[in-house]
Structure formats: C-alpha cells, structure tokens
Amino acid sequence: MAITLSGDQAIPGPPLSSRLTPAQVWGIVLLAPYLLVFLAFVVYPVCYGLWLARAPSNYVALYNDPIFARAAVNTLIFLVIGINIKMLIALFLSGFFAQQRTWIKWLSVIFILPWAVPSIPTILSVRFMLNPEWGMINHYIFALTGDDGPNWLNDPTVALTMAIAVHIWKSLPFWTLILITGRLAISHDLFEAAEVDGASWWQKFRYITWPSMQTLYVTCTLLSMIWTLGDFNSVYLLTGGGPADLTHVLATLGIRYLRLDQLSLAMASIVCAMPFVLPLVYFMMKRLSR
C-alpha cells in the first residue's frame, strides 16, 4: 500500500506485519504448516488425478467395460441396502445401550471392539472363517449337519452380501454411539410425562424420540453414504473384487485397473464416483446450515 502525493512522488505505506495484531501473526504462523500439508496431500493429488483422467477416451473405455457397469450397480446396492440396514439397526441399538445398567455397559465395551480394532486383522479373520475348506463356519456346519458348507465367496451375490454384512458389523458401533448421544440429549421429563399418560414404547419413540433425533439420523445417514463410497476395506480385503471381478465397487475398481497398468482408467473410475458424492455433500451441508 502506498500513499500517492502530487506529481510522481509516493510514500510507501506501513508493511503488512505492522498492520496485523500479534494474535493474527501467530494465527498465520500456526496455520501455515497445516495449509502446506493440505495443499501437498489433498489438493495436489486430487488435481493430478483429475489431470490423468481428463481424456474423454477414458470414459468411453469405462462405458464399454462390463466390469465398470457391474461395479456401479454394486455401489448402488451397497449404499441403498447396506446404509439403511446399518442406520436402522444403530437407531434401535442406541436405545438399548442408552439404558443405565451395569451389564449393558460391559456389553457395550465388547460391542465397540469391531470398530476400534484395525480393519485388516478383523476383515481378514472373517475371510479365513468363511474359507470353504478349513474355515470355522463350515467346520461347525459339518459338525452339526454332516454336510459341507457353501463356498461363501465363490458366488457373486453371496460374496457381495458378506461384504455388506462385514461393513455393517465394522461400522455399526460408531454410528450407534453417535445416536446414543442424540438420545441422551432428550429431556427425561418428556418420557416421564408420556409414562404418566400411559404411552407405549412405540408411542414414545414415534412422538418423542424420532422427532428429536430425525435431523441427527438423516445427517448421519448422508455422512455414512459419503464415507461408504470410499470404503475400500470391506470389499477388497474380503473378496478382492472376486469372483471374476463381479463384486467390485467404485472404491476398489481403481485397483483392478492399476494391476492392469491402466492408471488413467483407474483415475477415471474414481472420478465417476463424484456424481454420487457431490449431491450427498450438497444435501448434508444444506441440512447442517439450517
């Protein structure tokens, strides 16, 4: 900034550092490392991926690939079925674990373990249990019935169902905890008044619990959909996209193209998930801004 006088003379203004308060200077200093990390590990990879996927021929190749169409359908099934089942179970389990009983508190510690333990050992352990030859599940089926158990991961429908079940089992504790906090925020006076009026548990849920938790439930559902679109572990660690690449979702399809040394197609398949993500982000931010 400069102060202009008559003629061509100009007096330079004070430097920027003198116009900032010490708190503002420290704010910039402390924010700079996080901004650099964000630019290096978020902005740059996203822009580079979009640049790799820029050619229209990539999307023509994806359109002609039947595996991509199957992965898009699997992704929709994963979202519509898996998310809704998970959130409904979490909603009702939140009422169970919100009870103030000692044995329920101890049970909640066991319940939260699948979410707390890293994905690789937990999902791989499920994969070993489903092994048709020496897996624990088929072993017990043979011991109880005398018949060999099914080959769980050799049928595309069953394998995708198992992947959805693993996703629900792994992430259910987290969403249950979130909904428990919503239940605990409801005033107990409302439930006491309902009990005095002789309301049933369903009437309490319909007229007290659900209206109070509706916004939280919808927001969690939208956020869960966004995160599930990027859920790589549940499918890849359990089925590897098989059999015959028929259980891939958009989050794992890129690995298939990378193994085929088709980097541009891998990036294009990830870009194709944006029509799913952007509307969800828009609706979630719209609800949060109310």
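The chain is numbered in sequence order, starting from 1. Excluded from the calculations below are hydrogen atoms, water molecules and symmetry mates; all remaining heavy atoms, backbone and side chain alike, are included.
With hydrogens and angles disregarded, a donor-acceptor distance shorter than 3.5 Å links the side chain of K170 to the backbone of V117. Without hydrogens or angle criteria, T75 side chain to L250 main chain gives a donor-acceptor distance under 3.5 Å. The backbone N or O of I141 sits less than 3.5 Å from a side-chain atom of T145, completing a donor-acceptor pair. Judged purely by atom type and a 3.5 angstrom limit, Q99 uses its side chain to pair as donor or acceptor with the backbone of F96. Judged purely by atom type and a 3.5 angstrom limit, N138 uses its side chain to pair as donor or acceptor with the backbone of P132. Put simply, the side chain of D231 never gets that close to the backbone of A251: no donor and acceptor are under 3.5 Å apart. For R183 (side chain) and L91 (main-chain N/O), a donor-acceptor pair under 3.5 Å exists by modelled atom type. Within the 3.5 Å criterion, the main-chain N or O of T157 finds a donor-acceptor partner in the side chain of D155. In this structure, the side chain of T247 engages the main chain of G241 through a donor-acceptor pair within 3.5 Å.
Across every non-hydrogen atom of P211 and R206, the tightest pair is CD-O, 3.2 Å. Minimum heavy-atom separation, K86 to S224: NZ-OG, 2.6 Å. Contact record, M87 with C220: CE-CB, 3.6 Å, taken as the closest heavy-atom pair. Nearest heavy atoms, R70 versus P156: NH2-CB, 3.7 Å. Minimum interatomic distance between W169 and P114 (heavy atoms only, all atoms of both residues): NE1-CG, 3.4 Å. The shortest heavy-atom contact between L237 and I123 is CB-CG2, 3.6 Å.
Rounding to the nearest 0.5 Å places CG of L190 at 9.5 Å from CD of E192. Atom CZ in F205 sits 4.5 Å away from atom CZ in F92 (nearest 0.5 Å). Atom CG of L160 sits about 6.0 Å away from atom CD1 of I77, to the nearest 0.5 Å. Atoms CG and CD1, on L179 and I89 in that order, are 12.5 Å from each other to the nearest 0.5 Å. In this structure, CD in Q203 is found 12.0 Å from OG1 in T209, a value given to the nearest 0.5 Å. Distance check: I85 CD1 to H167 NE2 gives 10.5 Å after rounding to the nearest 0.5 Å.
Side-chain contact check for T239 versus M162: every heavy-atom pair is 4.5 Å or farther apart. Counting heavy atoms from C-beta outward, R127 and L153 have side chains that approach closer than 4.5 Å. Between L177 and F97, the closest side-chain pair of non-hydrogen atoms is not below 4.5 Å. Inter-residue side-chain proximity for L223 and W175 is flagged as met; some heavy-atom pair is nearer than 4.5 Å. Under the 4.5 Å side-chain criterion, counting only non-hydrogen atoms from C-beta, Y257 is in contact with D65.
Within 6.0 Å of the CD1 atom in I120, the count of heavy atoms belonging to other residues, nucleotides or ligands does not exceed 12. Other residues, nucleotides and ligands contribute only 12 or fewer heavy atoms inside 6.0 Å of the CG atom of D261. Crowding of F191 atom CZ: a count of heavy atoms from other residues, nucleotides or ligands under 6.0 Å exceeding 12. Within 6.0 Å of CH2 on W26 lie no more than 12 heavy atoms contributed by other residues, nucleotides or ligands.
Both M274 and L62 belong to a single network of hydrophobic side chains, linked directly or stepwise wherever heavy atoms of I, L, V, M, F, W or Y lie under 4.5 Å apart. By the rule that hydrophobic residues join a cluster once side-chain heavy atoms approach within less than 4.5 Å of another member, M225 and V166 end up as members of separate clusters. Cluster annotation: L216 is connected to I226 through the hydrophobic network of ILVMFWY side chains, with a link wherever side-chain heavy atoms come within less than 4.5 Å. Under the 4.5 Å side-chain contact rule for hydrophobic residues, L172 and I83 share a cluster. Hydrophobic clustering, with ILVMFWY side chains joined whenever heavy atoms are under 4.5 angstrom apart, groups V158 together with L130.
Here K204 pairs with E195 under the salt bridge (charged side-chain N to carboxylate O under 4.0 Å, His left out) rule; sequence neighbours left out.
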For this session: Kindly indicate, with the supporting measurements, whether the criterion side chain to side chain contact (heavy atoms under 4.5 Å, CB included) is fulfilled by T122 and V126.
Result: CA-CA 7 Å; T122 53; V126 174; 6.0 Å; no

Problem set entry | Intermediate values then yes/no, side chain to side chain contact (heavy atoms under 4.5 Å, CB included), F78 and V235 | CA-CA 10 Å; F78 215 99; V235 174; 3.7 Å; yes

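Grouped by direct or indirect side-chain proximity (heavy atoms under 4.5 Å, Ile/Leu/Val/Met/Phe/Trp/Tyr only), Y236 sits with Y44, Y48, W51, L52, F232, I255, L258, L263, M267, I270. Under the 4.5 angstrom side-chain criterion for Ile, Leu, Val, Met, Phe, Trp and Tyr, the cluster partners of F38 are L35, L39, V42, V43.
Aromatic ring orientation, W227 versus F174: tilted (interplanar angle from 30° to 60°). Ring orientation note: the planes of W134 and F128 are tilted relative to one another, at an angle of 30° to 60°.
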